[in-house]
*Asks:* 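I'd like to ask some things about the structure below.
Since this is a predicted model, take the numbers as computed values, not measurements. The sequence lines fix the lettering, A, B, ..., with proteins before strands; numbering per chain opens at 1.
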There are 2 protein chains.
Amino acid sequence: MSSQASSPERGAGGSARREADGSARRAADGSAKRALTRGDVLDAAAAIVKEQGPRALTMRKLAAELGTAVTSIYWHVGNREELLDALVERTVADLGEIRAQGRSPATRIVSVTRALRAQLRGHPHLVAMVHERGLTERMFQPATQALVHEVHAAGLRGTQAAEVVRSLLFQVVGFVLVERNRERAPVQYPGDESLWDEATAEHDPALAKGLAAPPDPERLFLLSVRAMVEGLLGTRPRA
Amino acid sequence: MSSQASSPERGAGGSARREADGSARRAADGSAKRALTRGDVLDAAAAIVKEQGPRALTMRKLAAELGTAVTSIYWHVGNREELLDALVERTVADLGEIRAQGRSPATRIVSVTRALRAQLRGHPHLVAMVHERGLTERMFQPATQALVHEVHAAGLRGTQAAEVVRSLLFQVVGFVLVERNRERAPVQYPGDESLWDEATAEHDPALAKGLAAPPDPERLFLLSVRAMVEGLLGTRPRA
DNA sequence: GCGAGTCTGTAACACTGTTACACCGCCCGC
DNA sequence: GCGGGCGGTGTAACAGTGTTACAGACTCGC
């Protein structure tokens, strides 16, 4: 545990390290060379994750991208796990608020879930990373806040309101997880087409066709959420 | 692509390789030594995954467990990816049917979703593996079948029926994914408790308490599914 | 006996995360 | 001036991963 220099990646609070200190370095060969900062590392890491996914983020690759050595990365961010944590943290912080739209509480709730889904889909790799890290609670704080407000407006209180909010959150997150999964692996074993013929679909050709065709996520999402909101609130949400 | 011996891991259909051939080998040291079979490899792999999760399944570890060399594993199952595929395939095949219970279609549908969730929860690692592999469609065939039947019984047909079935499946799978995730990472940043005080919960102490406390998955699942079924079918399911 | 096919073992390759340790440059106190 | 320490970098290694080329050994059919 003891070492010659205390690495700076400690203390979850300290965000800016050398950022404010604009001092440049002069490398041995005379070329100007800015000192590497934690922010630089996170930026580069975010770029790699955004383009190629979290699995492609290796410490060596990251170091190469930054034109530095692996050890520098470790100096600034601790280790890979902490790097990913920091990345998630930063992205979540950048997500911003969610505003409800519509008249009735039901439609406003639906609008919140749609906004949340859009946010998640806007950062595809983030979802998986948050999922793996178990940071869901933290990530969905803003959406939860908005939902709490709307559920309150719908007249629900206390434990019941909490359960409704939880149900909706689970629903949205779960949906996006499944949706992402489907997109990543569009080819299924066995293919959708062969699985549903006349017999298995109880002689309902339209049903067979509906199950065989790839789902329209947008439509499916709306249908699910509306149904759930209706069931939870007893009010039918309007478009 | 060409090699001296065609490895046996080909041709998704051929399951039994040497299983039927009960011939024993005699090792150089004279000890009896059964020939390794694909089934042995899958069994050992399944055991490791069951106990320590898919990430703990390394080819070397597996080989050590079986008292053989890594190359033998590769001979029998191709590579790690195919090994996991085969594992998933086998487990899914073992899951068996799902039977609906109850009187009204709505309650029968709820019973199917509960059974599906129970199945998934019975094989915790399987869920993640299937998820990563994008084999959802295949896995949920039996449940889909049951749902199709019940939705039909409820009077829905064609595209509409297909959408309802899809919504329900997405709902269950998504729920289990989120649920599993929560169990795996019970400690959240920041803790549930600190996130919901009087102010953020709009001065509804019971709501704050409800959101701060860990959810009761069983209860939440039932609530969600019932609400969704009600919204989708227009009929309230009874316990 | 012998050849072919079926497996197994040795040893390597390329790659991963991680760390011990030497080193370099700057700044601060003296 | 100058020594020491701090901040940061680079070299090189360790252990572990998936994967494979290749040399064998074993069994079976002829």
*Asks:* Compare the minimum distances between each of dG18(D), dG7(D), dT18(C) and the side chain of Trp75(A), then state the nucleotide with the smallest one.
*Replies:* dG7(D)
*Asks:* Over how many whole Å does the gap from Asn79(A) atom CG to dA20(C) atom P extend?
*Replies:* 13 Å
*Asks:* Which nucleotide in the set dT11(D), dT8(C), dG7(D) lies at the smallest distance from any side-chain heavy atom of Ser72(B)?
*Replies:* dT8(C)
*Asks:* Would you check, one step at a time, whether the test salt bridge (charged side-chain N to carboxylate O under 4.0 Å, His left out) holds for Asp43(B) with Arg90(B)?
*Replies:* CA-CA 10 Å; Asp43(B) 286 342; Arg90(B) 218 179 60 156; 2.9 Å; yes
*Asks:* Rounded to whole angstroms, how far apart are CG on Leu62(A) and P on dT9(D)?
*Replies:* 12 Å
*Asks:* For the pair Arg80(A) (side chain) and Thr58(A) (backbone), establish whether a donor and an acceptor sit closer than 3.5 Å, ignoring hydrogens and angles.
*Replies:* no
*Asks:* Roughly, in whole Å, what's the span from CD in Glu81(B) to P in dT17(D)?
*Replies:* 17 Å
*Asks:* For Thr71(A), which contact category applies under a 4.0 Å heavy-atom criterion: base, sugar-phosphate, or nothing?
*Replies:* base
*Asks:* Which nucleotide in the list dT19(D), dT8(C), dT18(C) gets nearest to the side chain of Thr68(B)?
*Replies:* dT8(C)
*Asks:* Using only atom types and a distance under 3.5 Å, with no angle test, would you say the side chain of Thr144(B) pairs donor to acceptor with the backbone of Phe140(B)?
*Replies:* yes
*Asks:* Measure from the side chain of Tyr74(B), starting at C-beta and using heavy atoms only, and say which of dT19(D), dT18(C), dG9(C) lies closest.
*Replies:* dT19(D)
*Asks:* Do Asn181(B) and Leu177(A) have side-chain heavy atoms sitting under 4.5 Å apart?
*Replies:* no
*Asks:* Does Leu57(B) or Val70(A) map to a spot on DNA chain D nearer the 5' end, using the closest nucleotide for each?
*Replies:* Val70(A)
*Asks:* Ignoring backbone atoms, test whether His76(B) places a side-chain nitrogen or oxygen under 4.0 Å from the OP1 or OP2 oxygen of dT8(C).
*Replies:* yes
*Asks:* Just the rounded figure in Å: distance from C1' of dT16(C) to CZ of Arg55(A).
*Replies:* 11 Å
*Asks:* For Lys61(B) and dG18(D), what is the distance between atoms NZ and C1' respectively, to the nearest whole Å?
*Replies:* 15 Å
*Asks:* DNA chain C: Thr58(A) or Arg60(B), which has the more 5' nearest nucleotide?
*Replies:* Arg60(B)
*Asks:* Please work out whether the ring planes of Phe175(B) and Phe221(B) are parallel, tilted or perpendicular, with thresholds of 30° and 60°.
*Replies:* perpendicular
*Asks:* Rounded off to whole Å, could you give me the CZ-to-C1' distance for the Arg80(B) and dT17(D) pair?
*Replies:* 9 Å
